[in-house]
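Reviewing the structure listed below.
All ligand and atom numbering here is 1-based and tracks the order in the structure. Computed from heavy atoms alone, side chains included, the values below leave out hydrogens, waters and symmetry copies. What you see is a predicted model, and the numbers here were worked out from it, not measured in a lab.
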Amino acid sequence: MSPYRYRMDERHDKVIRSTDFDALSCRISAVLRQYLLDPYIQHIVQGLRTNLPRLPGHKFSANRTVKAITLPKLPIINRGTYIRTTAIDTIVESFAKNASGDAFQIISLGAGSDTRSFKILLEYGKKVVYHEFDFGETVLLKAATIKGTPELASLVGCAPSTEDTLPTELHTDNYHLSALDLRTIKNVNFAEAFPYIDLTLPTLILSECVLCYMKPEQVDEVLAAFLKSLRCGAVLIYEPMGTPDDGFSRVMADNLSQRGIKLPTFFRFPDLWTRLAYLELMGLHSVQLSNMAYVFRHWVAGPELVRLNRLELLDEVEEIDLLNEHYVLALAQFGETSWQNELQFQVFSQPNTAV
Ligand SMILES: C[S@@+](CC[C@H](N)C(=O)[O-])C[C@H]1O[C@@H](n2cnc3c(N)ncnc32)[C@H](O)[C@@H]1O
């Protein structure tokens, strides 16, 4: 590989890592506007203030970074963050309920600064093992934040501490935060590379805006590695999607590419049915798929919808629908899992295709 190409890849990886701050920033805004409740996000922000300057080679002011990520977002973004977060929470809850009191495992790919692990550990205690993977630098920051915050340290089950050097990973009985570039998974011996993953537990694999940054063949490799190693469970994928002949999709892709963000699979599937066929081809069954506009319309109702409608004045109702139509929520099961959830989806496998 030429040195020039290497520099380009490095730069692109940096941009991809920085998307974690975008996701965090959206959640902060949704919390401040009372769309979401998240008692842990303040610790993540404080952790950035404390630990960003400790990152090797960090050049920017931590205060300036924090100021940028705490700027309020437009109502359209707050709504999108609300439906993304609550829909995934609903699925996680349903998966946990299906385990009916038995132990289960969650593997969050590219977890970034997400705080869902803390909520799940508080709720399910020793019944759950929560794994988070991300690039090394992101893991350094999160591990230092957890260890330096007594409330988070207690939730994951480690002693609080502030060490001179940033912790590279964090492992306790019920929580594992590990550095991993998912694109390297093809060549690893799974059991050796992931000694903390219990291959026998029912496992929910989460990819919340993560696989979309990889090339199609890398996505296939990540899915194949987990599916062939784990006994049973489900995969949840949330990500943007587009179709080439649609103007809105092209504008979305152009806007991202102007920021240096490539989404190699954005145009991979022309519709939900081809995505369903792909997931079945990868060995998944009981596939359920929707765009997020459908999810919003069918999963949010009654007093919660009234509450949401009172939070902010919405001018862009049609635009919100259009934007949500360009995000997909995919849920699919593998192995012997037979989880008959009551969740309403737009497109789903025929019952006779289930194992
Ligand atoms: C948009 S953020 C989403 C973070 C989190 N899942 C959420 O929804 O709040 C994408 C995350 O995926 C991570 N990521 C992207 N490609 C990755 C890879 N090849 N290996 C590990 N992590 C990756 C990024 O570092 C970043 O934290």
Short version for Ala111: what comes under 4.0 Å of ligand 1, heavy atoms counted, is backbone

Going by the 4.0 angstrom heavy-atom rule, the piece of Arg84 near ligand 1 is side chain

If I apply the N/O under 3.5 Å rule, does [X] come out as touching ligand 1?
X: Thr138; answer: no
X: Arg27; answer: yes
X: Asp181; answer: yes
X: Met214; answer: no

Only one of Thr70, Asn63, Leu24, Thr145 passes side chain to side chain contact (heavy atoms under 4.5 Å, CB included) with Leu48, and that residue is Leu24

From the list Ile91, Leu343, Ile237, side chain to side chain contact (heavy atoms under 4.5 Å, CB included) partner of Leu329 resolves to Ile91

Would you tell me which option among [options] has the nearest heavy-atom contact to [atom]?
atom: atom 16 (N) of ligand 1; options: Phe21, Phe133, Tyr238, Phe135; result: Phe135
atom: atom 21 (C) of ligand 1; options: Leu109, Asp22, Leu180, Val210; result: Leu180
atom: atom 10 (C) of ligand 1; options: Cys26, Cys209, Ser113, Gly112; result: Cys209
atom: atom 26 (C) of ligand 1; options: Leu24, Asp134, Val15; result: Asp134
atom: atom 6 (N) of ligand 1; options: Gly110, Gly136, Ser207, Ser18; result: Gly110

If you scan protein heavy atoms around atom 20 (N) of ligand 1, the nearest is Leu182 N, 2.9 Å

If you scan protein heavy atoms around atom 1 (C) of ligand 1, the nearest is Thr19 OG1, 3.4 Å

Problem - Cluster check Leu314, Leu323: I/L/V/M/F/W/Y, side chain < 4.5 angstrom - result: yes

Checklist entry - In terms of side-chain heavy atoms, does Glu151 have a donor or acceptor partner in Tyr40 at a distance below 3.5 Å? => result no

Notebook entry, point to check: With a 3.5 Å cut-off and no angle check, do the side chains of Tyr213 and Asp13 form a donor-acceptor pair?
Noted result: no

With a cut-off of under 6.0 Å to the ring centre and 45° to the axis, is Arg84 in cation-pi contact with Tyr327? no

inquiry  = Does this structure show an ion pair linking Lys97 with Glu342, if we count only N-O contacts that are shorter than 4.0 Å?
reply    = no

ask   = Any ion pair linking Asp134 and Lys142 (charged N to carboxylate O, less than 4.0 Å)?
value = no

